[in-house]
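Just below is one structure, and these are the notes that go with it.
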Amino acid sequence: MFQGVAVGWADLVLPGTSYLERDGTYVNLEGRLQRLRRSVIPPAPDELAWISKLAERFDVEVSPYPSVVFEELSAKCYGGISYADVGEHARLPARPALPVLIPPPAPPRPSMDAGSGALRLVLYRPLFSGPAVERVPEIQFQRPALEVELSAKDARSRGIANGDQVVVGSNGSSREFRARLSRTVRAGTVRIADEHAEGLQPHVEVSKASA
């Protein structure tokens, strides 16, 4: 629909139409099923037309008419409503019943007295995370650094300075991180990105790494 730089990288470019150039239906963000009505004639056949032609090459029958396709899908997706009954003002569908989730039992909490030195681990999901970030080399810089955030009070009691290499461990598992002192982290807790916290338990020990 919009010609851009990506067109030069493609082996095949197919035409696209805007919502003003095709008939059909759509489901909005509230889950309402509503009609699309063509206002102008597009300069090329719409998506359904060329998908239908492409399907013929593989001996698959796909109708080029939105009303026919809708009737085929309605019984499975829309409760059997007819194409003619879909209006511009659709009712909001009923909210589905949510399953009852039984939370797992909480793991035993270690002692938090002055002698234990255990800190509560708080995990967070970075804004840029997931497979799309992890698998694309060009945006690896968006991934969170291998660091642990802790309060100045906890760092001072452990002889840790900002930027030091530290060991974070629990129940026999441990990993090395770079320490980052944070004013927003409360004493008694540490923050680590969830993708770096594999194997760590809800309470961890933090100590300065040996040189």
Query raised in the report: Please, which pairs that meet side chain to side chain donor-acceptor pair (under 3.5 Å) have at least one residue in residues 36-49, sequence neighbours excluded?
Result: T17-E47, R37-E88, R38-D46
Query - Spatial distance of atom CG (L127) from atom CD (Q142) [nearest 0.5 Å] - result: 8.0 Å
Query raised in the report: If you measure from CG on L73 to OH on Y78, what distance do you get to the nearest 0.5 Å?
Result: 6.5 Å
Between [X] and [Y], is there a shared hydrophobic cluster once you connect ILVMFWY residues whose side-chain heavy atoms come closer than 4.5 Å?
| X | Y | value |
| --- | --- | --- |
| W50 | L12 | yes |
| V168 | V122 | no |
| V185 | Y124 | no |
| V167 | L200 | no |
| I51 | L14 | yes |

Query raised in the report: For R35 and V86, which heavy atoms make the closest approach, and how far apart are they?
Result: CG-O, 2.8 Å
Query raised in the report: Do the charged groups of R143 and E195 touch, with an N to O distance under 4.0 Å?
Result: yes
Side-chain donor/acceptor pairs under 3.5 Å, residues 57-70, sequence neighbours excluded:
unit_1 : atom_1 : unit_2 : atom_2 : d
S63    : OG     : Y65    : N      : 3.1

Check: residues 149-156 side-chain donor-acceptor pairs under 3.5 Å, at least two apart:
unit_1 : atom_1 : unit_2 : atom_2 : d
E149   : OE1    : R180   : NH2    : 3.3
E149   : OE1    : R191   : NH1    : 3.3
E149   : OE2    : R180   : NH2    : 3.2
E149   : OE2    : R191   : NH1    : 2.7
S151   : OG     : D154   : N      : 3.2
S151   : OG     : D154   : OD2    : 3.1
D154   : OD2    : G188   : N      : 2.7

Query - R175 (side chain) donor-acceptor with H196 (main chain) under 3.5 angstrom - result: yes
